[in-house]
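Here the structure comes first, spelled out in structure tokens, and everything after it is commentary.
What you see is a predicted model; the values in this text were computed from it and never measured.
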Amino acid sequence: MNAARIFAILACQLVLVSASIAQEKNTEHTMKLAAGQKSPAATIEDMAWFAGRWVGDGMGGSNEEHWGPPNGGIMLGTFRHNNKEGKPVFYEFMNLAEREGTISLRLKHFNPDMTGWEEKAKFVEFKLVAKKDGAVYFEGLTFVPKGKDEAVIYLAMRSRDKVREEVFQLKRLKE
């Protein structure tokens, strides 16, 4: 075998090994990108299945999400979390969009009085890590369809030096 062919084979193996370590486990059901890794190719259609109104439990209370269908490369969503007594705890305004050949989810948090948590020009961003078997993995946030009208969302939440996983069991409501 000549040196050029050996080099080509080694280069291909390096690419395959790099791709296999592109994701790191964050919690049991969430991932994160390895240092220096980029998000894989994706379009907004990869999340089109999540359009609709979803309700369920999580974080010690009840939750409701509304997602509009893909339009112009984006999906817009809102989230409401109520405590056990049914009182609002916080809201989110979300933007799932195509950016640079992939998708990412950006959101802002609001108190019940609509004061924001993040600075005016800041937001929380979840970059795409992987798409596997219908599930869509963002950094610290995983969407898993369970049939047509059920889904589970796993969220990695950091508290000091600990990371724990919150689970949201959701059902799609028919409008």
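Every residue two or more places apart in sequence or in another chain that forms a side chain to side chain donor-acceptor pair (under 3.5 Å) with Thr115 is listed here: Asn111, Asp113. By the side chain to side chain contact (heavy atoms under 4.5 Å, CB included) test, Lys122 is found to be paired with Glu118, Glu119, residues two or more places apart in sequence or in another chain being considered. Qualifying ring pair (Phe, Tyr, Trp, His ring centres under 6.0 Å) partners for Phe168, counting only residues two or more places apart in sequence or in other chains: none. By the salt bridge (Lys or Arg N to Asp or Glu O under 4.0 Å) test, Arg158 is found to be paired with no residue, residues two or more places apart in sequence or in another chain being considered. With sequence neighbours left out, Asp161 forms a side chain to side chain donor-acceptor pair (under 3.5 Å) with no residue at all. The salt bridge (Lys or Arg N to Asp or Glu O under 4.0 Å) test applied to Lys146 returns no partner, not counting sequence neighbours. Residues meeting the side chain to side chain donor-acceptor pair (under 3.5 Å) test with Arg160, sequence neighbours left out: none. In this view, Lys174 and Asp149 satisfy the salt bridge (Lys or Arg N to Asp or Glu O under 4.0 Å) rule, not counting sequence neighbours.
Ser159 places no side-chain N or O within 3.5 Å of a backbone atom of Lys162 that could act as its donor or acceptor partner.
Closest heavy-atom contact between Pro112 and Val89: CD-O, 3.2 Å. Shown here for Lys127 and Ser39, the closest heavy-atom pair between the two residues is CB-OG, 3.8 Å. Here the closest non-hydrogen pair linking Ala156 and Thr30 is CB-OG1, 3.7 Å.
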Without placing hydrogens or testing angles, list every side-chain donor-acceptor pair under 3.5 Å for residues 91-99, not counting sequence neighbours.
from, atom 1, to, atom 2, distance (Å)
Glu92, OE2, His109, NE2, 3.1
Asn95, OD1, Arg99, NH2, 3.0
Glu98, OE2, Ile44, N, 2.9
Arg99, NH1, Ala97, O, 3.4
Arg99, NH1, Ser104, O, 3.1
Arg99, NH1, Ser104, OG, 2.9

Could you give the side-chain donor-acceptor pairs of residues 133-142 under 3.5 Å, partners two or more places apart or in another chain?
from, atom 1, to, atom 2, distance (Å)
Glu139, OE2, Leu33, N, 3.1
Thr142, OG1, His29, O, 2.7

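When side chains are defined from C-beta on, Leu170 does not count as touching Phe143, because their heavy atoms never get closer than 4.5 Å. Counting heavy atoms from C-beta outward, Met157 and Met59 have side chains that approach closer than 4.5 Å. Considering only heavy atoms from C-beta on, Phe50 comes within 4.5 Å of Ile153 through its side chain. Contact of the Trp67 side chain with the Met47 side chain is not registered, since no non-hydrogen atoms from C-beta on lie closer than 4.5 Å.
There is no path of hydrophobic side-chain contacts, each under 4.5 Å, that joins Ile103 to Val129. Cluster membership for Leu105 and Tyr154, using ILVMFWY side-chain heavy atoms within less than 4.5 angstrom, is not shared. Under the 4.5 Å side-chain heavy-atom criterion for Ile, Leu, Val, Met, Phe, Trp and Tyr, Phe123 and Met114 are members of distinct hydrophobic clusters. No continuous path of ILVMFWY side-chain contacts below 4.5 Å connects Trp49 to Val144, so the two sit in separate hydrophobic clusters. Cluster membership for Phe90 and Leu107, using ILVMFWY side-chain heavy atoms within less than 4.5 angstrom, is shared.
Applying the salt bridge (Lys or Arg N to Asp or Glu O under 4.0 Å) test to residues at least two apart or on different chains, the pairs with a partner in residues 41-61 are Asp46-Lys131, Arg53-Glu64.
Note that CD of Glu85 and OG of Ser62 are 10.5 Å apart. Values are rounded to the nearest 0.5 Å. To the nearest 0.5 Å, atom CD of residue Glu24 and atom CD of residue Gln37 are 9.0 Å apart.
For the pair Arg164 and Glu166, the salt-bridge criterion is met [side-chain N within less than 4.0 Å of a carboxylate O].
Under a 4.5 Å side-chain heavy-atom criterion applied to ILVMFWY residues, the cluster that includes Leu173 comprises Val55 as well.
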